[in-house]
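This report concerns only the one structure given below.
Below, chain A is the first sequence line, B the second, and so on; all start at residue 1.
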Amino acid sequence: MDTQIKPEANRAEKPVYRPTDIESKWQKIWEEAGANHAPDDDSRPKFYNLVMFPYPSGDLHIGHWYNYTGVDVFGRLMRMKGYNVMQPLGFDAFGLPAENAAIKRGVQARKWTLSNIAKMRSQLKTMGGIWDWQREVITCNPDYYKWTEWFFLKLYEKGLAYRAKAPVNWCPSCQTVLANEQVLADGTCERCSTLVYKRDLEQWFFRITAYADRLLEYKDVSWPEKTMLMQRNWIGRSEGARVNFKATGWDSQEYDLPIFTTRPDTVYGITFFVLAPEHPLVEKLTTPDKQAEVNAYIEKARGETDIERQSTDREKSGVFIGSYVISPFTGEKVPIWISDYVLMGYGTGAIMAVPAHDQRDFEFARKFNLPIRLVYMPDDRDLSEDSMNEALVHEGHVVNSGAFNGLPDNQETVKQFIDHIEHEGLGNAEVNYRVRDWLISRQRYWGAPIPMVYCDIDGIQPVPEEQLPVLLPEEVEFKPTGESPLKYIPEFVNTTCPKCGGPARRETDTMDTFMCSSWYFLRYCSPLFDGGAFEPNLIKKWMPVDQYTGGAEHATMHLLYARFFTMALHDMGYLNFEEPFTRLFHQGTILRDSKKMSKSKGNVVAPDVLVNQYGADAVRAFLMFLGPFDKGGNWTDTTEMQIGGIYRFLSRVWALVTDTVAFDKGGSVDSKIEAAVRRLQHKTIRRVLQDLESWQFNTALSGLMEYNNGLIKMAQDTPAVQASVAWREALDTMLVLLAPLSPHITEELWQITGHETSIHIETLPIYDAALAADDLVTLVVQINGKLRERIDIPADMGEEEVKQTVLSAPKIAAAVSGATPKKIIYVPGKLVNIVL
RNA sequence: GGGCUAGUGGCGGAAUGGCAGACGCGAGCGACUUAAAAUCGCUUGAGGAAACUCGUGUGGGUUCGACUCCCACCUGGCCCACCA
């Protein structure tokens with residue numbers, strides 16, 4: 001291979017650094033030796049090092065490399081620390097892109113997916129990671145999705161799966177359901193530009209809300225605070241009360257209208273009542289004279305896109321529907337309105353409006369000239385309903401509330417109101433969650449089938465376990481609209497009822513791919529096991545995952561679903577732990593010109609060219625050198641130029657080590673020089689190990705570069721040092737510390753320097769503080785906090801003597817010029833600050 | 001609107017409250033070469049001949065001492081977004 005960067009060999013007898021040759025050589029040797037496989041029977045302690053598996057889009061880009069290199073560096077480090085490291089990889093293989101390829105290019109989804117996997121697997125192998133390919137898991141294979149279906153049945157048995165109506169994106173022109181990704185920002189269909197609207201469909205849900213409180217616990221896990229906070233906000237636990245109101249419909253019947261509020265202490269402030277436009281009682285409570293207006297409003301709300309409806313800063317809208325509720329607290333008639341700021345999906349879809357103390361209600365009241373009544377008054381000033389221009393939230397003391405007047409705004413007051421509500425039989429304390437049940441139905445072809453059948457006689461019936469898997473047909477034809485072809489395959493749809501044996505229809509929806517990724521980490525433990533989803537003893541051996549690494553964007557979806565799954569399986573007795581991932585780390589994202597890389601945007605950076613030119617070792621180290629691993633980076637046109645620096649570094653390591661080999665071992669060298677070598681060696685061990693263990697790969701590398709530069713300098717100054725034992729050990733240290741980052745060159749040099757076993761099973765060097773200690777330390781001398789001088793002093797000099805030495809230094813003495821210092825600050829080994 | 005996070009040379013970035021700019025890229029000069037590339041050496045925050053002065057988004061504060069801690073603001077990124 002010819003590149004302009006590569007140095008010529010300056011001596012014929014020395015081996016030349018040819019990265020690609022070395023890399024393919026060692027990758028082959030490692031693979032044949034099974035070096036990357038984590039055996040199930042092994043006496044070392046286990047370490048399960050997991051990375052979020054990729055979607056097989058077809059091309060491995062530099063972002064994948066970044067992510068997987070960091071994980072591999074950490075895995076290799078743990079292996080060198082003596083762990084039996086299991087580091088598997090697989091493919092999250094169901095999903096929309098395969099279906100789009102099938103529609104647009106007429107290639108079968110399965111074929112497309114598997115050829116992408118083959119390509120990505122071979123690309124991945126070039127990075128020289130310790131991926132345990134014997135454990136590979138592909139979620140679209142029947143031996144995997146059989147168990148995805150099985151989990152569905154188990155959740156169904158436990159009452160955690162249920163069917164309900166939910167809105168989907170419906171394109172009236174294509175006559176099909178669209179995924180959120182297929183709806184453009186302006187609310188139109190990506191295929192035909194028709195306006196998409198919401199339509200209710202019967203779909204399957206998982207009752208994740210039943211686990212909301214448990215999901216807030218985080219038992220025995222060490223996760224980033226940020227991620228837990230995101231999940232907590234997502235789950236959104238709110239304590240409050242349910243209060244029952246009653247209203248009379250135009251049919252003279254009385255209807256219950258419960259509401260949920262977090263502010264039961266403001267019930268006396270209610271001046272109107274609002275229902276979500278979709279609320280089922282709207283029809284009964286709308287008086288005939290309001291019918292037309294109300295219907296028009298509901299129509300309008302339905303036609304709005306999510307983006308429109310969710311925008312906070314739009315003006316409030318709504319319609320009075322003609323009926324009233326009676327406030328059980330004040331006995332007043334309170335008008336009922338509908339408005340889209342009340343959501344059917346949260347609480348009861350109805351609220352009591354207290355405009356004086358809720359900003360949204362306040363805006364609504366002002367817009368429609370509805371009354372406002374203060375039930376809290378600030379302690380330090382007067383406020384009037386007419387002049388206030390925003391709601392008063394959490395301030396002051398209770399007023400206008402009968403026996404409660406005078407109470408302060410606090411939890412105790414809220415509790416007294418709830419007690420009162422419960423005592424009067426008007427309602428009860430209640431906790432609500434923002435999180436909704438998990439909708440897993442997808443009106444898509446390329447996913448795991450939902451193992452359910454519909455019988456005219458027996459209704460909904462689960463497919464019996466022994467009939468699993470419900471196989472997904474592989475040769476299918478798509479309608480031009482992109483509709484799921486499953487509906488039109490009679491052999492798939494028509495089946496028999498497991499209960500009565502009569503004719504029945506299969507469910508044609510498939511499962512959300514998050515379902516597949518909610519348990520893949522369990523499958524890695526026994527990927528070939530066919531007696532169940534996993535082999536219980538191997539689960540006990542490997543789980544929970546010790547280290548999980550992946551993007552922060554999965555905080556509220558995948559990471560929550562996987563925890564829910566694990567907890568549900570624990571409760572069914574399949575697992576003896578509740579949290580799947582003990583430690584979590586989010587790597588940063590590599591952007592291209594400040595934008596996310598994606599195949600669809602066409603802005604991906606391919607690693608292949610760089611790997612061919614500089615070798616995988618250089619690309620790995622280069623990516624890790626860009627910055628802190630959790631920060632990611634912005635890839636611009638000049639970024640690539642930096643790889644030359646890493647390549648030079650590796651070449652210099654190569655030259656340093658191969659130069660030494662020419663020297664005879666066992667020569668003697670001045671003990672002072674030997675001590676200097678040891679000092680540099682042990683200082684490096686300390687900082688580099690510390691950095692590697694805390695994922696600071698960029699500073700670990702700069703530490704190694706400084707080490708390399710230091711050793712080169714020593715060899716130049718005193719060539720004889722290269723014959724010493726200390727020198728050989730110093731080079732061993734260099735190679736061992738560099739091995740996790742650049743595994744091939746270090747393995748090659750390890751062999752060249754006469755070692756007979758792989759460098760990657762070496763144990764890490766141990767830091768010796770005594771060897772690292774300096775005789776002299778450089779002391780910084782400041783006057784009034786400003787740097788004035790640097791003085792070398794013996795490391796063991798006492799404080800008084802240090803101060804005297806400093807004060808008698810000519811520059812300092814001149815600056816002080818006879819004045820008496822007010823104070824002298826002494827930080828041992830670091831600095832002296834003289835305050836004048 | 002809320003939450004989180006970041007802001008340091010021409011660039012990527014480094015600094016348990018203690019020498020700002022480590023390490024690397026790029027650039028400049030030099031050596032080697034007929035020449036170029038590669039390699040090696042030196043220089044490289046700004047101003048200044050130098051002594052020295054200024055300098056980590058802006059403005060305050062705490063401290064002997066602040067890139068680092070506190071307050072306010074400005075700008076970017078990410079997540080959530082009318083959740084009663």
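Using a 4.0 Å cut-off between charged side-chain N and carboxylate O, Lys713(A) and Asp717(A) make a salt bridge. Remark: Lys226(A) does not engage Asp630(A) in a salt bridge, criterion side-chain N to carboxylate O under 4.0 Å.
Contact annotation: Asn833(A) does not reach the phosphate of U63(B) (side-chain N/O to OP1 or OP2, under 4.0 Å). Side-chain N/O atoms of Arg648(A) include one lying less than 4.0 angstrom from OP1 or OP2 on G26(B). Put simply, Asn233(A) has no side-chain N or O that comes within less than 4.0 Å of OP1 or OP2 on G2(B).
Of all nucleotides listed (G18(B), G24(B), G13(B)), G18(B) comes nearest to the side chain of Lys830(A). Side chain of Arg652(A), nearest nucleotide from G41(B), G18(B), C82(B): G41(B). Residue Met230(A) has its side chain nearest to C79(B) when only C79(B), A84(B), C80(B) are considered.
Shown here are the ring pair (Phe, Tyr, Trp, His ring centres under 6.0 Å) partners of Phe364(A), two or more places apart in sequence or in another chain: Phe272(A), Trp337(A), Tyr341(A), Phe368(A).
For G26(B), the glycosidic angle deviates from 0 by more than 90°, giving an anti base.
Rounded to an integer number of Å, the gap from Met624(A) CE to G24(B) C1' is 15 Å. Atom CD1 of Ile351(A) is separated from atom P of A84(B) by 11 Å (rounded to the nearest Å). Rounded to a whole Å, the CH2 atom of Trp635(A) is 14 Å from the C1' atom of C11(B).
Side-chain N or O atoms of Gln359(A) include one that pairs as donor or acceptor with a backbone N or O of Ala391(A) at under 3.5 Å. For His357(A) (side chain) and Gly269(A) (main-chain N/O), no donor-acceptor pair under 3.5 Å exists by modelled atom type.
The residue Ile646(A) sits apart from the nucleic acid: no heavy atom pair falls under 4.0 Å. Across all strands, Thr778(A) comes closer than 4.0 Å to no nucleic acid atom at all (heavy-atom distances).
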Where each pair must be Watson-Crick or G-U wobble with both distances under 3.5 Å, what dot-bracket representation of RNA chain B is obtained, with crossing pairs in [ ] and other-strand partners as |?
-> (((((((..(((.....[....)))((((((.......))))))(((....)))..(((((..]....))))))))))))....
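For a distance-only test at 3.5 Å, the side chain of Lys226(A) fails to qualify as a donor-acceptor partner of the base of C79(B). One cannot find a donor-acceptor pair under 3.5 Å joining the base of G26(B) and the side-chain atoms of Gln642(A).
Using the six-membered ring where Trp is involved, Phe245(A) and Phe273(A) have ring planes that are perpendicular, over 60° apart on the 30 and 60° scheme.
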